[in-house]
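Please read all numbers here as calculations on a predicted model, not as lab measurements.
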Amino acid sequence: MKKDIHPSYGPVVFRDRAANHTFLTRSTMTSEKTIEWEDGTTYPVVDVEISNVSHPFYTGTARVLDTAGRVEKFEKRYGAGKKRG
């Protein structure tokens with residue numbers, strides 16, 4: 001790899017503001033804010049609005065659309081199988 005062209009890659013704490021959940025990982029993101037982690041070390045912290053803890057897809061609260069009902073409603077409104085011509 002070429003020197004001095006890649007961003008620094010190190011430990012960062014991400015804090016989900018919606019669920020008040022934090023997790024430590026490695027990233028190229030940086031922040032002026034810091035937080036003391038469970039091991040007593042201070043890491044930069046990045047606040048995020050949503051993560052796997054609060055996202056509806058991962059929490060199981062996602063809405064499933066009733067596509068069959070929509071098709072039936074469309075066919076009822078515009079006629080099923082009517083040929084125009």
Side-chain angles (χ1 to χ4, degrees):
M1 291 194 319
K2 294 181 180 179
K3 293 184 178 186
D4 301 328
I5 65 167
H6 299 285
S8 61
Y9 182 73
V12 177
V13 174
F14 286 91
R15 180 171 45 199
D16 182 351
R17 298 182 62 91
N20 197 21
H21 175 73
T22 56
F23 55 95
L24 177 65
T25 187
R26 295 179 54 87
S27 177
T28 58
M29 292 186 73
T30 60
S31 175
E32 297 291 326
K33 296 186 236 176
T34 60
I35 191 171
E36 186 173 330
W37 192 245
E38 300 161 354
D39 61 1
T41 308
T42 302
Y43 297 107
V45 63
V46 176
D47 290 324
V48 293
E49 295 298 322
I50 199 162
S51 71
N52 65 324
V53 177
S54 60
H55 194 280
F57 178 79
Y58 295 106
T59 60
T61 59
R63 294 184 348 200
V64 177
L65 296 177
D66 179 22
T67 55
R70 289 182 178 212
V71 170
E72 291 169 1
K73 186 176 179 181
F74 177 85
E75 288 176 351
K76 181 179 177 183
R77 179 179 290 169
Y78 297 106
K82 290 184 182 177
K83 292 186 178 182
R84 297 180 188 219

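The number of heavy-atom neighbours closer than 6.0 Å to CG of Asp39, taken from other residues, nucleotides and ligands shown, is above 12. Within a 6.0 Å sphere centred on CZ of Arg77, other residues, nucleotides and ligands contribute 12 heavy atoms or fewer.
The minimum heavy-atom distance linking Met29 with Val12 is given by the pair O-CG2, 3.3 Å. When all heavy atoms of Pro11 and Arg26 are compared, the pair lying nearest together is CD-NH1, 4.0 Å. Closest heavy-atom contact between Pro44 and Ser31: CB-O, 3.9 Å.
Clustering ILVMFWY residues whenever any of their side-chain heavy atoms sit less than 4.5 angstrom apart, transitively, puts Ile35 in a cluster other than the one holding Val46.
Put simply, CZ on Phe14 and OH on Tyr43 are 14.0 Å apart, with the number rounded to the nearest 0.5 Å. In this structure, CG on Asp47 lies 4.0 Å from CZ on Arg15, to the nearest 0.5 angstrom.
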